[in-house]
Novice: 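Got a structure here, written out as structure tokens. Questions coming.
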Amino acid sequence: MARLEIKKTYKIYIGGKFPRTESGRFYNPKGIDVNVCQSSRKDFRNAVVVARAAQPAWAGRTAYNRSQILYRIAEMMEGRRAQFISELELQGSSKKEADEEVNATIDRWVYYAGWCDKYQQIFSSVNPVASNHFNFSVLEPMGVVTSTAPEESSLLGISTIIATAIAGGNSLIAIASESKPLCSVTLAEVLNDSDVPGGVVNILTGNKDELLPHIVQHMDVNALVYCGSDKKVIIDLKEKSADNLKRITHYSTDAILSQRGESPYFIKTLNEVKTTWHPIEKVGAVGSSY
Amino acid sequence: MAAKNKSVFEFSPALESAGHIQLKDQYELFINGKWTKPKSGKYFKTTNPSNEKVIAKVAEANEADVDAAVSAAEKAFKGWSSISGKERGKYLFRLARLIQEKARELSVIETLDGGKPIRESRDIDIPLAAAHFFYHAGWADKLEYAFPNRKTEPLGVAGQIIPWNFPLLMAAWKLAPALACGNTVVLKPAETTPLTALKLAEIIEEAEFPPGVVNIVTGAGATGAAIVGHPKVNKIAFTGSTEVGKIIQRATANTDKKLTLELGGKAANIIFEDAAINQAVEGIINGIYFNQGHVCCAGSRLFVQESVHDEVIQKLKARIENLVVGDPMDKNTDIGAINSKSQLETINKYLKIGKEEGLEMFQSSCSVPSEGFWCKPTIFTGAAQSNRIVQEEIFGPVLAVQTFRTISEVVQKANNTPYGLSAGVWTDKGSKIFNLTSQLRAGVIWANTFNKFDPTSPFGGYKESGFGREGGVHGLESYLKFND
């Protein structure tokens, strides 16, 4: 008798755990014989709570430590290469395409690992104010980010939106490609094995059209990144985000998936500029009378 | 007519002269380098809030007028964006110099039209406005160094809508980076304080700017809405209330207009027991009573560590007794006139709310002039997070005092607001400063100082205080698009 294969249950990733959607719903991506969680508004709200709780400690890690954790993700992916390739093939990629996407993704994690302790120096400034103050501007993470992955990609897209958010100290809720969700779940397993603290990255599968109206109106989300080119969606997000002035960014799929997806400006976009002033005492300084 | 003051310091009035200023009785719209009568045919009056006298009549721009201004800006864009950065910068340097030359006239007009003390117009508003043009002038031919590895381009026509609290300074904050980056502009000053922007238009003429590069249209909300709604405007920069900012965001959602918003605030000013108390008290006073509290980044929520509460409150009360409230043209005046009748009504509404919520209110015992709009410096003690005067922006000389024991408690309270524009920390311990300044969610943090501004220093908010920065290298981003 032939051995019965053990099939994987594809679950979502919230707070470092792998629950099924609380709604109990599932869907079958076109042409794939797998039951994928159709996450609900409640799943999203749960994810925001854990993301908010995890964010300050993540931002408080040293940049060196964040850098090593991102590099660790690349290491872990390398070990799971075969699984990612077979999932990509299952979702319609050729062997060659799958191989290339995995290579590009691992390299992208390494690329952003390297930025974790450098972008601050590129984008910070000491400002020569015309008074006796020391004044400097630094970047600070916006907080809780929600990003939707490009629909066309199962692995490189979601990896890029996660890397750009967490390299800069944010926590995030990533919404996977609806039609190609498999790699996002396996990526969650990689993240969970890479010293990424629970709650820093949360990954939901499901229907974007259903989730986006809840995401954009959630009052405890600081920023929303939409990857895609649906004009109607973009307008709707810009309009509804006004409720709490969450920062809205949209990228074309190509900007994320091509080589252009490697740039520290993606990190900067999810950071605020904070400027600090402090007086300089002139007593005893060069040129003073003391 | 300086107010009678019971201070131990009695000052004789030292009135600034308004004799040398040149003001017309009526101002038209500044469109395409020409003073143009409004198609609306309408004019509104701008008054001196310290005596309610009319200073001048000012044209009210309607949609057709705004359209003419935008068309002029659009026509001028090609030339302005294609001259070399070096030449563009020279126009701005010239403008900065002319503002410095006319600083006294501009200061007087600012104080007459807006009610702020002449000392502040003279020492802060006008010099800083000149400094903003001077700083940004030098960027015009150096933009490729501002954004490493990116190619930048100007956006086109920038529509800029500014508030009444720092009329000329806000015009400079908006115009200088926009012009340096190669954009052309349609600027609308606030309806209660249009005069210095119109004087600036005269200076722009004198500086020989190409026609249409800067257009200044006056009017109220409807004029602003016409700018926001104009299809040929590529960029909206707005400074004002969070409520209007949200309306603008919704109104521009369906467009490709680039948007930056600098909105309201409710800044925490935190004083620890180890602070230099006397300096901190001065900083608290400056934080909330500067410019009658008409400051979006005003330190309107004071957090005092319990152990020094009584001492700080006693010193604050003594200090506000010594603030000189009255004629803004008097060089001794610390607190001038409230900008408008409607703003005074808003402030008085909140004073009433504070009392109704059971808070203890303390006001200076000074008298105020019988004409004009005035509010005595006010302190509410015993406030709680839930009080409306703690939650909502008042935009007046009203301080709400809360207490705290631990750092984590005060961080939580300070951040518990939808706003995030600024914050202040007072302590003599360096490590505590960095702990606090990194935890406070606000765009500008003043440590052992407050309400300081500089063109090299980026200004702007977190959360519902808006997005985008003004000033410094970071502020240039608001006026450029990136082609990569």
Side-chain angles (χ1 to χ4, degrees), chain A residues 56 59-60 119 121-143 216 219-220 222-223 231-232 234-249 255 259-260 262-265 268-269 271-281, chain B residues 127-128 131 135 147-150 242 245-255 259 261 263 279 418 420 422 430 433-434 437-450 452-469 471-475 477 482 484:
Chain A
Y119 71 89
Q121 290 175 308
I122 307 286
F123 299 125
S124 297
S125 60
V126 170
N127 310 310
V129 294
S131 56
N132 280 337
H133 294 90
F134 188 73
N135 174 300
F136 58 96
S137 298
V138 296
L139 294 193
E140 269 190 359
M142 284 179 171
V216 73
M219 295 299 273
D220 203 28
N222 299 99
K231 273 255 171 224
K232 254 181 71 185
I234 293 168
I235 291 167
D236 198 50
L237 295 180
K238 280 162 77 179
E239 208 172 278
K240 293 192 174 132
S241 65
D243 287 353
N244 74 337
L245 293 179
K246 66 173 66 63
R247 280 59 168 144
I248 299 281
T249 313
Q259 202 55 36
R260 291 193 289 141
E262 297 189 350
S263 158
Y265 289 99
K268 182 174 185 251
T269 299
N271 272 248
E272 298 280 0
V273 177
K274 174 183 271 185
T275 300
T276 305
W277 295 69
H278 196 280
I280 300 171
E281 191 175 74
Chain B
L128 264 181
Y135 172 75
F147 302 96
N149 214 23
R150 295 197 104 173
T242 292
K246 289 179 178 179
I247 293 170
I248 292 175
Q249 159 129 8
R250 292 187 188 106
T252 54
N254 190 13
T255 70
L259 179 64
L261 301 172
L263 308 175
Q279 285 170 35
S422 65
I433 288 174
F434 284 116
T437 56
S438 59
Q439 289 193 65
L440 292 168
R441 303 285 292 156
V444 182
I445 311 277
W446 288 290
N448 291 327
T449 184
F450 210 94
K452 295 287 182 288
F453 309 94
D454 193 276
T456 67
S457 174
F459 184 92
Y462 286 22
K463 302 196 281 187
E464 293 186 31
S465 289
F467 44 76
R469 293 292 176 269
V473 60
H474 298 90
E477 195 178 326
F482 298 96
D484 46 24

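Both backbone and side-chain heavy atoms feed into the values below; hydrogens, waters and symmetry mates do not. Keep in mind the model is a prediction, meaning the values are calculated, not measured. Reminder, nothing fancy here: chain letters follow the sequence lines and each chain counts from 1.
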Novice: Below 4.5 Å from any heavy atom of chain B, which atoms of A/D236 appear? Answer side chain, backbone, both or neither.
Specialist: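 Neither; nothing under 4.5 Å.
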Novice: Who wins among A/G60, A/A59, A/S137 for the most heavy-atom pairs under 4.5 Å with chain B?
Specialist: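 Greatest number of close heavy-atom pairs with chain B: A/S137.
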Novice: How about B/P148 and A/Y265: do any of their side-chain heavy atoms sit closer than 4.5 Å?
Specialist: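 Contact flag for B/P148/A/Y265 side chains = yes.
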Novice: For B/E464, check salt bridge (charged side-chain N to carboxylate O under 4.0 Å, His left out) against everything at least two apart and list the hits.
Specialist: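 By the salt bridge (charged side-chain N to carboxylate O under 4.0 Å, His left out) rule, B/E464 matches B/K246.
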Novice: Name the region of A/N135, side chain, backbone, both or neither, that has any atom closer than 4.5 Å to a heavy atom of chain B.
Specialist: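 When you check distances to chain B, only side chain atoms of A/N135 fall under 4.5 Å.
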Novice: For B/D454, which residues count as a salt bridge (charged side-chain N to carboxylate O under 4.0 Å, His left out) partner, sequence neighbours excluded?
Specialist: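 If we apply the salt bridge (charged side-chain N to carboxylate O under 4.0 Å, His left out) test to B/D454, skipping adjacent residues, there are no hits.
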Novice: Below 4.5 Å, heavy-atom pairs only: which of B/G461, B/G471, B/G472 has the largest tally toward chain A?
Specialist: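 Highest number of heavy-atom pairs under 4.5 Å: B/G461.
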Novice: Can you say whether B/I247 sits under 4.5 Å from chain A via the side chain, the backbone, both, or neither, judging by heavy atoms?
Specialist: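 Looking at B/I247, nothing touches chain A.
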Novice: Between B/P418 and chain A, which part of the residue has a heavy atom less than 4.5 Å away: side chain, backbone, both or neither?
Specialist: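 Nothing of B/P418, per the 4.5 Å heavy-atom cut-off to chain A.
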Novice: Are the side chains of A/H278 and B/W446 in touch, meaning some heavy atoms are under 4.5 Å apart?
Specialist: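 No, every pair of side-chain atoms sits at 4.5 Å or beyond.
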Novice: Relative to chain A, which segment of B/I248 carries a heavy atom at a distance below 4.5 Å: side chain, backbone, both, or neither?
Specialist: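 It is neither, since no heavy atom gets under 4.5 Å.
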Novice: Counting only heavy atoms closer than 4.5 Å, note whether B/A251 contacts chain A via side chain, backbone, both or neither.
Specialist: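 For B/A251, there is no contact with chain A at all, as no heavy atom is under 4.5 Å.
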Novice: With only heavy atoms counted, which part of B/S422 is less than 4.5 Å from chain A, the side chain, the backbone, both or neither?
Specialist: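 Contact with chain A is absent: no heavy atom of B/S422 under 4.5 Å.
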Novice: Where does B/L259 contact chain A at under 4.5 Å (heavy atoms): side chain, backbone, both or neither?
Specialist: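 Contact with chain A is absent: no heavy atom of B/L259 under 4.5 Å.
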Novice: Do the charged groups of A/E272 and B/R469 touch, with an N to O distance under 4.0 Å?
Specialist: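 The answer is yes: the pair qualifies as a salt bridge.
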